[in-house]
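Only one structure is covered here, and it is reproduced in the block below.
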Amino acid sequence: MPELPEVETVRTGLAPIMEGAHIVAATINRPNLRFAFPARFCARLEGAGIIALRRRAKYLLIELSTQETLIAHLGMSGRFSILAPGGPLPDTNPKHDHVEWVLSNEHKIVYNDPRRFGFMDLAANNALAQNRFLADLGPEPLGNGFSGAWLREAFTGKAQSVKAALLDQRIVAGLGNIYVCEALYCAGIRPQTPASKISKERLEKLSNCVRKIIATAITAGGSTLRDFAATDGALGYFQHRFSVYGREGEACLNKECGETIVRLVQSGRSSFYCPKCQH
DNA sequence: AGGGGGACCTGTGCGC
DNA sequence: TGCGCACAGGTCCCCC
């Protein structure tokens, strides 16, 4: 489910409820998600004040008053819900509720994750950059470090396909399968193209497309979040129209094109592209 | 050392 | 209706 824009949507949904509150009680309903919870996980959270919610790539970062930061990744199917006192319950299956936090403002935060590909960690604030999940991440797509010039440097000598290279979190942090497909359509580049064989001009265009796609998706998530949260408190899902992702066999959206969107499998994952508009 | 493929999980939707 | 299979928005880790 979550790529960078979805995690950002979750962050903006949780922040007004969580920031400034304390964690009164923390519960885990199993010893692990994808990985084991860190030692004394609940004890280290209980009593902590929540200073700020941030995001790095697809990671949600919750800065605590204890000089530690909680690092959370939603994997493929992770969802956070806000339960207001007397409010509606989330539509997620409660048997996959793995983590629960009761806040000082009487709201409850529940983490639900059927596939358990998500994970959580705790790191000292002054060692956050060295955390094993965060240390090797590349630039944020909307940050200053990401540009056509950066892609050129990162792609030099890469025999890998541009699809695989853009999914590499060390090259650009936060893109997933959907937005890579969308960005490559925007840039008119086929996903199979070896990364090193793309011209400077096209890499400039590609970097602009990545920024545009991500920025647009964040805006869409932010605008529909309130409606969704109002009904059941679950954050992170939103309907977003994609140009190629999931559109195999449908018409290319470029009116003058007339071609049909194709799906191919690259290293076990689906890529969608227009064979006429992308080369 | 870079890169491909398997492993980790459950749920859903489809064809037979 | 039931069964088996393919597939799902991610990441780590092993092996070549």
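By convention in this document, chain letters (A, B, ...) are assigned in the order of the sequence lines, proteins followed by strands, and residues within each chain are numbered from 1.
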Would the base of C:dA8 count as contacting A:Arg115 through its side chain, where contact means a donor and an acceptor less than 3.5 Å apart?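 Such a pair exists between side chain and base.
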
Could you work out which one of B:dG5, B:dG3, B:dG11 sits closest to the side chain of A:His96?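 Between B:dG5, B:dG3, B:dG11, the one nearest the side chain of A:His96 would be B:dG11.
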
Can you see if the side chain of [X] gets near the phosphate of [N] - specifically, an N or O under 4.0 Å from OP1 or OP2?
X: A:Arg263; N: C:dC7; value: yes
X: A:Arg132; N: C:dT11; value: no
X: A:Lys58; N: C:dG10; value: yes

Hey, does [X] reach any base, or is it just sugar-phosphate, or nothing, if we go heavy atoms under 4.0 Å?
X: A:Gly268; answer: nothing
X: A:Arg116; answer: sugar-phosphate
X: A:Ala159; answer: sugar-phosphate
X: A:Arg170; answer: nothing

Do the charged groups of A:Lys108 and A:Glu100 touch, with an N to O distance under 4.0 Å?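 Salt bridge present between A:Lys108 and A:Glu100.
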
State whether A:Arg56 and A:Glu140 are salt-bridged, where the test is any N-O pair (Lys NZ or Arg NE/NH1/NH2 against Asp/Glu carboxylate O) under 4.0 Å. yes

Tell me yes or no: SG of A:Cys186 and SG of A:Cys209, less than 2.5 Å apart? yes

Are side-chain N/O atoms of A:Asn131 and A:Asp121 paired as donor and acceptor at under 3.5 Å?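 Note: A:Asn131 and A:Asp121 side chains meet the donor-acceptor criterion.
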
Send over the distance from A:Gln160 CD to B:dG2 P, rounded to a whole Å.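 It is 10 Å, rounded to the nearest whole Å.
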
Is A:Phe117 stacked on the base of B:dC8, with ring centres under 5.5 Å apart and planes under 30° apart? yes

Using the P atom as the point on both nucleotides, what is the distance between B:dG6 and C:dA6, in whole Å?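 Comparing P positions in C:dA6 and B:dG6 gives a spacing of 13 Å.
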
Distance, P atom - from B:dC9 to C:dC14, rounded to whole angstrom: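 The answer is 16 Å between these two P atoms.
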
